[in-house]
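Lettering of chains follows the sequences in order, A, B, ..., and the numbering in each one begins at 1.
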There are 2 protein chains.
Amino acid sequence: MARSPLTREAVLAAAAELVRRHGPAALTMRKLAAELGTAVTSIYWHVGNREQLLDALVERTVRDMGGAVRPAGRTPAERIVSVARTMRRELRERPHLIAMVHERGLTDRMFLPAQRALVAEVRAAGLSGARAADAVRAVQFQVVGFVLVERNRERSPVQSPGEGELWEPAAAPDDPDLARALARPADPERLFVLSVRALTEALLAGG
Amino acid sequence: MARSPLTREAVLAAAAELVRRHGPAALTMRKLAAELGTAVTSIYWHVGNREQLLDALVERTVRDMGGAVRPAGRTPAERIVSVARTMRRELRERPHLIAMVHERGLTDRMFLPAQRALVAEVRAAGLSGARAADAVRAVQFQVVGFVLVERNRERSPVQSPGEGELWEPAAAPDDPDLARALARPADPERLFVLSVRALTEALLAGG
DNA sequence: ACCTGAACACCGTTCAAGT
DNA sequence: ACCTGAACACCGTTCAAGT
C-alpha cells in the first residue's frame, strides 16, 4: 500500500495501530512489514529491533497521558479521588498499552503528572515530609494495582471455579446477603471509588 | 538423563523447575524435551500443548498456597493485616508463578482461602451484607494489585527518568523532606503495611 | 542513506509411522 | 498405550549486496 519512503514515524504509527487492534502479541516484525509494504529488514534500520520498537511505542503513549490530570472537587480528598479516577480512565482507554507499560517498568514515569497533583493535594490537606510522600505513594500503588487486577479480570470473564460456586455452601453461614454479594461479579467502578476514598480518608486523617 | 518411562508428573516437575530457575519465557517445549531426554512430541501426549501445560502448572501452585493463611492479632483489623501480609509473602515466594496466575485470571481462585478468612474478620468487626463483601474485595484487590506493582518495580530497578531526577527542581517547593522522600526508592514492606492498615481501618469504621 | 533477499537459529504443533 | 522423526508454518535477527 504505502510506497512513499519509509519513516520512523510511519513504522511507529503502523505498529501502534496493530497493537491497538490485535494486541501486543500480534505485533510481529513480519506482519508489520507486510502492513507497511516493505521488507522486514527495513524496519530494523528505522527503529532498531522489536524491543526498541516497543519501547518507543510505550514512551509515546506515556507522554500522551500527562495532559488529562485536572483535579476537581471541593476538598483535598475529593480531588485526590478525582485524580485517581482520571488515571483509571486514561489507563483503561489504552488496554493493551498499560500491560506494556507495566512490563517495562514505566509506571512511575507514566504516573508522574498525577503524582505532582497528588503531592499538591496531600499538602493542602496538611501533610508534609515523609508522611506526605507515603500517602502519595500509597494512592499511586492503589490506582495502578487496581487497574491491573481489574484488566486481568476482564480478560478471563468466568474464573474456574468461579467465586459463585464456592459461596453457596455455608461459607458465610448466617449472612445470605454477604454470600450473594460475593457470588455476584464485582462492580469495578464502584469498588474502585470506594477503595480509593477509604484509603485517602484514612491517610489524610490521623496516624 | 531420565530414561524411566515419561509421566505427566515428571513433565510437570521438570517444567516447574525450568520456570523457577529461568522464568516462563525459558519454558519452551523443545528445551523441556531436552531436559527430560525425550522427543518433543512425547510431551504433547502427556500434557497436551504448551498452554495446557502452563495451566496445570499454575493450578498446582494455587493449590499449594491455601495452607498458609492463619489470621493472627488481637483485633479484626490486625488479623486482616496479618492475612494480607501472609498473602504477600506467599506470592513473593513464587515470583514467576504470580505473573502466570495473573495472566490466566486465576487470582480469585488463588485468593479463596484468604477470602474466607477475610470474611470472618470483617463480620467479627460488625460488618454484614453487601458492605462486608465490598470490604473483603477492596482488601483483596489492594493486596494483589500491590504485589503486582511491586514485583514489576523490582524487575526494572532504575526507571528512566527515575523519580529522583524530577523532584529536585521545585516540584514540592517548600518541603525538602517530602521531595527527598519521593526521590528515595520506596520501602515496599513498610508501604504495604501502611496502605493495608489505612484501607482496613477506614473500611471497618464509618461509611 | 536507505532498502533488499537469503540465511540462521529458533519456536509450537501436526501427523504418519513405529513399538 | 506410548514414543518417534519429519515436516509445516511461523518467529527475530544478521549480513552481504544492492541503489
Exercise: identify the closest heavy-atom pair between Leu127(A) and Leu203(A) = CD1-O, 3.7 Å

Could you tell me whether a side-chain N or O of Gln52(B) sits under 3.5 Å from a main-chain N or O of Asn49(B), the two making a donor and an acceptor?
-> yes

Closest-nucleotide 5' rank along DNA chain C - winner of Thr41(A) and Trp45(A) = Trp45(A)

Interatomic distance, Glu201(B) atom CD to Ile80(B) atom CD1 [nearest 0.5 angstrom] | 10.5 Å

Arg85(B), CZ: over 12 other non-hydrogen atoms inside 6.0 angstrom | no

Answer yes or no: is there an ion pair linking Glu78(B) with Arg197(B), defined by an N-O contact shorter than 4.0 Å?
-> no

Positions of residues 48-61 of chain B (non-hydrogen atom under 4.0 Å from DNA chain C), listed by number | Asn49(B), Arg50(B)

Mind checking which stems touch DNA chain C? I mean at least 3 consecutive Watson-Crick or G-U pairs, both distances under 3.5 Å.
-> C:4-8 with D:12-16, C:12-16 with D:4-8

May I ask you to list the residues of residues 21-33 of chain A, by number, that have any heavy atom positioned under 4.0 Å from an atom of DNA chain C?
-> Arg30(A)

Any residue meeting salt bridge (charged side-chain N to carboxylate O under 4.0 Å, His left out) with Asp177(A), in chain and number order, not counting sequence neighbours = Arg180(A)

Show me, pair by pair, the donor-acceptor contacts under 3.5 angstrom made by side chains of residues 5-17 of chain B, not counting sequence neighbours?
unit_1   : atom_1 : unit_2   : atom_2 : d
Thr7(B)  : OG1    : Glu9(B)  : N      : 3.4
Thr7(B)  : OG1    : Ala10(B) : N      : 3.0
Glu9(B)  : OE1    : Arg60(B) : NH2    : 2.5
Glu9(B)  : OE2    : Arg60(B) : NH2    : 3.4
Glu17(B) : OE1    : Arg20(B) : NE     : 3.3
Glu17(B) : OE2    : Arg20(B) : NH2    : 3.1
Glu17(B) : OE2    : Arg21(B) : NH1    : 3.0

Which pair of heavy atoms, one from Arg137(A) and one from Leu182(B), lies closest together, and at what distance?
-> NH2-O, 3.0 Å

Do Arg94(A) and Glu90(A) meet the salt-bridge criterion of a basic N to acidic O distance under 4.0 Å?
-> yes

Under-4.0 Å salt bridge between Glu51(B) and Arg104(B) | yes

Answer yes if the side chains of Asp108(A) and Gln140(A) hold a donor-acceptor pair under 3.5 Å, and no otherwise.
-> yes

Go through DNA chain C in 5' to 3' direction and return only the first and the last nucleotide with some atom under 4.0 Å of chain A's heavy atoms.
-> dA1(C) to dA7(C)

Does Arg92(B) come within less than 4.0 Å of Glu154(B), counting only side-chain N to carboxylate O?
-> yes

